[in-house]
Enquirer: 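Here you go, one structure.
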Amino acid sequence: MPDPRTAIEPMHAHGAQAPARPRDGGGRIGTVISGVLAYLRERRLQPGDRLPSERDLAESLAVGRNAVREALAILGTLRVVDCRPNSGVYLRHMGRDSSFEALVMLADMGATPTPTEVAETMEVRAHLELLAAGLACERRTEDDLQRMEGILARTRAILAGGGNIAEADSEFHLALVEATHNSVLVRVLNAFYRFTALRREALFHDLAQGQASEQDHRQMLTHLRARSAPEAQALILRHMQRARRYWTDRLTDAAPAPSSQEHSGDAP
């Protein structure tokens, strides 16, 4: 059975899913890249498999060969594919060869993260958020607290109007990380927030999820004011666990049942 972490997995719909579209920075080439990735997922290509020719991809996607060539060049730069002169284009081992930033850039271009990518990024992010909460309690300034208070005020106003707080939620998390005054941690976690942007939009279509998040953020600000690191870390862990349960339930419900052939292989 193919390793689900290395193959390009099929996309799954879930809950209140935001439209699968290129983000503002993606444009035409983002659409072509998304089309190429979807084409490869449908055919379940594995690491080392050769991609169809530019002409075949262009015909399948109903786009020009120049657009396909440009898309493949970008995927090559991101180490998703390996472009070999006089040989062809081959799928790389995503879990080993590409960087997390590659996943972020693909998400920016409209590619939908797989269920495995969602679960694994949340697992890593939870530990980074714990670190950030502890450091922020030690290092936060009054300016940091005032900035977060302002974001919370905007969040409450959005909720009062029945709106989606996805952007404000990300702003609060980023402000919390910036209160650590560790620029590397800010860069790393900001990549996670970019990666989850579309999922956050979907999550906060549910007003109850937005209200719960706002309550957590308000309590987090209280802990930061008191410099209560253990309480802040316990809160961020509960905050992340709630989001993990939400997405685990939806991705499990949306995942198709394995075929009998898949069951006959080695243990997953």
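In this text, all values refer to a predicted model and were calculated from it rather than measured experimentally.
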Enquirer: Less than 4.5 Å apart, any side-chain heavy atom of Q215 and any of R218?
Expert: yes
Enquirer: Heavy-atom distance under 4.5 Å between the side chains of V81 and Y90, does that happen here?
Expert: no
Enquirer: Do T180 side-chain atoms and V177 backbone N/O form a donor-acceptor pair below 3.5 Å?
Expert: yes
Enquirer: Is R140 close to L145 at the side-chain level, that is, under 4.5 Å between some pair of heavy atoms?
Expert: yes
Enquirer: For a salt bridge (Lys or Arg N to Asp or Glu O under 4.0 Å) check, start with the C-alpha distance between R242 and D216, then their side-chain angles and the critical distance, and finish with the verdict.
Expert: CA-CA 11 Å; R242 187 176 66 247; D216 283 352; 2.9 Å; yes
Enquirer: Over 60° means perpendicular and under 30° means parallel, so classify the ring planes of H173 and H239, tilted if in between.
Expert: tilted
Enquirer: Using side-chain heavy atoms (C-beta onward) and a distance below 4.5 Å, is E138 in contact with L135?
Expert: yes
Enquirer: Would you sort out whether V186 and H181 count as a side chain to side chain contact (heavy atoms under 4.5 Å, CB included), showing the intermediate values?
Expert: CA-CA 8 Å; V186 171; H181 299 276; over 6 Å; no
Enquirer: What's the spacing between R125 CZ and M122 CE if we round to 0.5 Å?
Expert: 7.0 Å
Enquirer: Taking side-chain contact (heavy atoms from CB on, under 4.5 Å) as the criterion, tell me which of L72, V32, V63, V89 meets it with L57.
Expert: L72
Enquirer: Nearest 0.5 angstrom please: L189 CG to L174 CG, how far?
Expert: 8.5 Å
Enquirer: Assess the residue pair V124 and F192 against the criterion (side chain to side chain contact (heavy atoms under 4.5 Å, CB included)); give the C-alpha distance rounded to whole Å, side-chain angles, the decisive distance to 0.1 Å, and a yes or no.
Expert: CA-CA 10 Å; V124 174; F192 279 84; 3.8 Å; yes
Enquirer: Does anything in residues 224-241 pair up under salt bridge (charged side-chain N to carboxylate O under 4.0 Å, His left out), and if so which pairs, sequence neighbours excluded?
Expert: E149-R225
Enquirer: Would you mind reporting whether N164 and H205 have side-chain heavy atoms less than 4.5 Å apart?
Expert: yes
Enquirer: Just verifying a value: how many Å separate R92 CZ and D82 CG, rounded to the nearest 0.5 Å?
Expert: 4.5 Å
Enquirer: Using side chain to side chain contact (heavy atoms under 4.5 Å, CB included), reason through R187 and N190 one step at a time and then give a plain yes or no.
Expert: CA-CA 5 Å; R187 292 180 186 183; N190 188 43; 5.8 Å; no
Enquirer: Between N66 and R69, do the side chains contain a donor N or O and an acceptor N or O under 3.5 Å apart?
Expert: yes
Enquirer: Give the cluster check for L130 versus F172: same hydrophobic cluster or not, with ILVMFWY residues linked at side-chain heavy-atom distances below 4.5 Å.
Expert: yes
Enquirer: Can you tell me how far CD1 of I33 sits from CG of L61, rounded to the nearest 0.5 angstrom?
Expert: 11.5 Å
Enquirer: Could you measure the distance from the CD1 atom of I165 to the OG1 atom of T155? Nearest 0.5 Å is fine.
Expert: 5.5 Å
Enquirer: Please list all pairs meeting ring pair (Phe, Tyr, Trp, His ring centres under 6.0 Å) that have one or both residues in residues 132-165, counting only residues at least two apart or in different chains.
Expert: none
Enquirer: Any side-chain heavy atom of L176 sitting closer than 4.5 Å to one from L224?
Expert: yes
Enquirer: Atom CG in L152, atom CE in M220: separation rounded to 0.5 Å?
Expert: 11.0 Å
Enquirer: Kindly give the heavy-atom pair with the smallest separation between I236 and E129, and that separation in Å.
Expert: CG1-CB, 3.8 Å
Enquirer: Indicate the atoms forming the closest heavy-atom contact of P52 with L40, along with that distance.
Expert: CD-CD2, 4.5 Å
Enquirer: Quick one: which residue pairs count as a salt bridge (charged side-chain N to carboxylate O under 4.0 Å, His left out) with a foot in residues 162-175, not counting sequence neighbours?
Expert: R154-E171, D169-R200
Enquirer: Given the rule in the side chain to side chain contact (heavy atoms under 4.5 Å, CB included) test, do L235 and H223 qualify, once you have shown the distances and angles that lead to the verdict?
Expert: CA-CA 9 Å; L235 175 61; H223 295 324; 3.9 Å; yes
